[in-house]
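Everything quoted here is computed from the prediction, not taken from an experiment.
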Amino acid sequence: MNTVFTPADILLPGPEIDMTKWAVVACDQFTSQPEYWKAVEAHVGNAPSALRLILPEAELGAEGVEARIAGINAAMREYLRSGVLRAFPNSLFYIERTQSNGRVRRGLIGRVDLEQYDFTPGSGALVRATEGTVLERIPPRVRVRRDAPLELPHVMLLIDDPEGTVIEPLAAEREAMTPLYGFDLQAGGGHLNGWRLTEDQMERVSRGLEALCAPEAQARRYGVHGASPMLFAVGDGNHSLAAAKACWEEVKKTLPEAEWAGCPARYALAEVVNNHDPALEFEPIHRCLSGVEPEAVLEALRRFYPACIEGRGEGHVLSYVYQNGAGALTVPEPKAQLAVGTLQAFIDAYLAEHPGSVDYIHGDETAAALGQREGCLAFLLPAMGKEELFRTVMADGVLPRKTFSMGNAEDKRYYVEARKIDNG
């Protein structure tokens, strides 16, 4: 029986609330664009909004952040007291998100069991991080969550379901569901519709998830036998999920084990999306070195991988652009699963012994333009195929940091749903 992703007591704003003002984008977006958040503040005004319940990461280092966190907790308690939020007990929500490009992304909202999540590289947990977790980024998020009576999710979990057995069938069954909301998202975020699943639909979702992680299914997809099954890969919000895990580890120390299963802090609200959803696009994140001598870097790369060949061939192709030229080097028979892993191993080793820095760049044209500046060298990486994600995490533990991005900032999750995480 599936116990890792289950129905939750989900909270939504009441029908009198302006949902366009209520929903705001994930807190880790637009961190270098304070004008974005100022515009959201102006749009929301004094209306009830998830903006009052989150701390944008752009403000994590600002003065008075502790007072701001206390204000967030107070707003959560006030929204609960005044009836701004209404409960939908023991529910799974089906949602359709029309993205800024017009494509529709389908997902499920429920709770994930933090006892079955581990961000440690090489973990055999059912829920695993896709990229290395930066431990220094967890404590600030813990401070926000520790005393909060509510959580609002921007975590996105991916399932590897190429045949579309879990989420996709629900699209044809919306008439049997209870409509919840349908509204335009502010600031170019597209449109969002949501429905509450029936008991029968929730049971079928649970059976479908259980089938995905059955040993024979895992062996068929990944060609491995006897390995620990993997059901979910964290696509977005890994550090927020890691903070929830850290808070749960604190709470469980204060409880007898018999009370763990019923404690709200043991779980985290999340959206589940099929890795193979056509609307979900994986975009490469390129590397641009600055403050370096490009020819010296390329020569060091050749020494680092003595078997590498000039040009494109069989293996991992590392394309590069700099002020005086462009080209490619191919590393044959690579040890890493992905070209980004082969490249990142070299960059880390090189910068540990030489001056320079690395930036992680979205967009081919942007990366190429930056690489042509004086003292710069850009490596343009291929997009990772969706079929490679789970296989690579199972083989290598986690992906190299900044391997891929799932869509642009406007298409990230917006805060809409909430859940109580304390017993008050």
Side-chain angles (χ1 to χ4, degrees), residues 1-10 88-97 105-119 123-130 153 155-174 176-177 194-222 224-238 241 244-245 261 266-280 386-387 389-391 393-394 406 413 417 419:
M1 178 180 179
N2 160 56
T3 59
V4 63
F5 183 77
T6 54
D9 296 339
I10 305 177
F88 292 83
N90 193 41
S91 298
L92 289 180
F93 290 175
Y94 168 69
I95 64 172
E96 292 184 349
R97 169 73 176 277
R105 186 178 75 220
R106 297 170 173 84
L108 287 170
I109 306 293
R111 68 177 192 178
V112 62
D113 184 358
L114 295 168
E115 281 289 297
Q116 302 190 64
Y117 159 67
D118 191 347
F119 57 78
S123 161
L126 283 169
V127 186
R128 305 182 200 177
T130 53
V155 174
M156 184 183 292
L157 304 177
L158 302 178
I159 54 174
D160 192 14
D161 187 14
E163 297 175 358
T165 63
V166 177
I167 299 175
E168 285 73 8
L170 297 171
E173 302 177 5
R174 289 173 299 189
M177 304 175 189
W195 298 264
R196 185 186 188 188
L197 270 64
T198 66
E199 291 286 341
D200 177 67
Q201 288 168 335
M202 289 193 293
E203 290 177 5
R204 282 189 279 123
V205 165
S206 183
R207 292 196 299 268
L209 291 174
E210 186 177 0
L212 285 182
C213 62
E216 59 273 17
Q218 299 263 311
R220 183 174 64 253
R221 285 199 301 274
Y222 312 123
V224 295
H225 297 271
S228 299
M230 177 179 170
L231 179 56
F232 294 114
V234 183
D236 266 340
N238 182 63
L241 196 61
K245 173 79 168 182
R266 173 172 170 163
Y267 307 92
L269 210 58
E271 177 182 357
V272 171
V273 174
N274 187 0
N275 182 42
H276 299 274
D277 189 317
L280 192 67
K386 291 183 178 183
E387 71 283 354
L389 176 60
F390 277 65
R391 189 186 309 276
V393 171
M394 295 181 78
M406 296 195 306
R413 267 198 59 82
E417 308 82 6
R419 187 182 70 93

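Side-chain atoms of Arg391 come within 3.5 Å of backbone atoms of Arg221 as a donor-acceptor pair (strictly under, hydrogens ignored). Put simply, the side chain of Ser91 gets close to the backbone of Pro89: a donor and an acceptor are under 3.5 Å apart. Between the Asp161 side chain and the Val166 main chain, a donor and an acceptor come within less than 3.5 Å of each other.
Annotation: cation-pi pair Arg111/Tyr267 present, NZ/CZ under 6.0 Å from the ring centroid and within 45° of its normal.
Looking at Arg174 and Glu96, a side-chain N of the basic residue comes within less than 4.0 Å of a carboxylate O on the acidic one, giving a salt bridge. Classification of Glu271 and Arg413 as a salt-bridged pair holds, one side-chain N sitting under 4.0 Å from a carboxylate O.
Donor-acceptor pairing under 3.5 Å is lacking for the side chains of Thr198 and Glu173. Using modelled atom types and a 3.5 Å distance limit, the side chains of Ser123 and Arg128 yield no donor-acceptor pair.
Considering all non-hydrogen atoms of both residues, Gln116 and Leu126 come closest at OE1-CD1, 3.0 Å. Here the closest heavy-atom approach between residue Gly194 and residue Ile95 is recorded as CA-CG2, 4.2 Å. Contact detail for Ala268 and Ala244: the closest heavy-atom pair is CB-CB, 4.3 Å. The minimum heavy-atom distance linking Ile159 with Ile167 is given by the pair CD1-CD1, 4.2 Å. Looking at every heavy atom in both residues, Glu168 comes nearest to Asn274 through OE2-ND2, 3.0 Å. Closest approach of Arg419 to Ala8, counting heavy atoms only: CD-CB, 4.0 Å.
A 4.5 Å side-chain heavy-atom check between Leu114 and Leu241 finds at least one atom pair inside the cut-off. Asp9 places none of its side-chain heavy atoms less than 4.5 Å from the side chain of Phe88. Side-chain contact check for Val127 versus Phe5: every heavy-atom pair is 4.5 Å or farther apart. Taking the side chain as every heavy atom from C-beta outward, Leu158 and Phe232 never approach each other to under 4.5 Å. Looking only at side-chain heavy atoms (C-beta outward), Asp113 and Thr6 stay at 4.5 Å or farther from each other. For the pair Met230/Cys213, no side-chain contact is recorded, criterion being any heavy-atom separation below 4.5 Å from C-beta on. Counting heavy atoms from C-beta outward, Arg105 and Leu280 have side chains that approach closer than 4.5 Å. Looking at heavy atoms from C-beta onward, Tyr117 lies in side-chain contact with Val234 at the 4.5 angstrom threshold.
Tyr94 pairs with exactly one of Ile109, Val205, Leu170 by the side chain to side chain contact (heavy atoms under 4.5 Å, CB included) rule, that one being Leu170.
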How far apart are the C-alpha atoms of His276 and Glu163, what are their side-chain angles, what is the distance that settles it, and do they pass the side-chain contact (heavy atoms from CB on, under 4.5 Å) test?
CA-CA 9 Å; His276 299 274; Glu163 297 175 358; over 6 Å; no
Does Arg106 form a side-chain contact (heavy atoms from CB on, under 4.5 Å) with Val273? I'd like the steps, not just the answer.
CA-CA 6 Å; Arg106 297 170 173 84; Val273 174; over 6 Å; no
Evaluate side-chain contact (heavy atoms from CB on, under 4.5 Å) for Asn275 paired with Asp277, printing each intermediate quantity in order.
CA-CA 6 Å; Asn275 182 42; Asp277 189 317; over 6 Å; no
Mind running side-chain contact (heavy atoms from CB on, under 4.5 Å) on Asp160 and Leu212 for me, showing each step along the way?
CA-CA 8 Å; Asp160 192 14; Leu212 285 182; over 6 Å; no
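In this structure, Tyr222 and Phe390 have parallel ring planes: the angle between them is below the 30° cut-off, well short of the 60° mark.
Expressed to the nearest 0.5 Å, how far CD of Glu203 lies from CD of Gln201 amounts to 10.5 Å. Going from atom OG1 of Thr165 over to atom CZ of Arg204 covers 11.5 Å, rounded to the nearest 0.5 Å.
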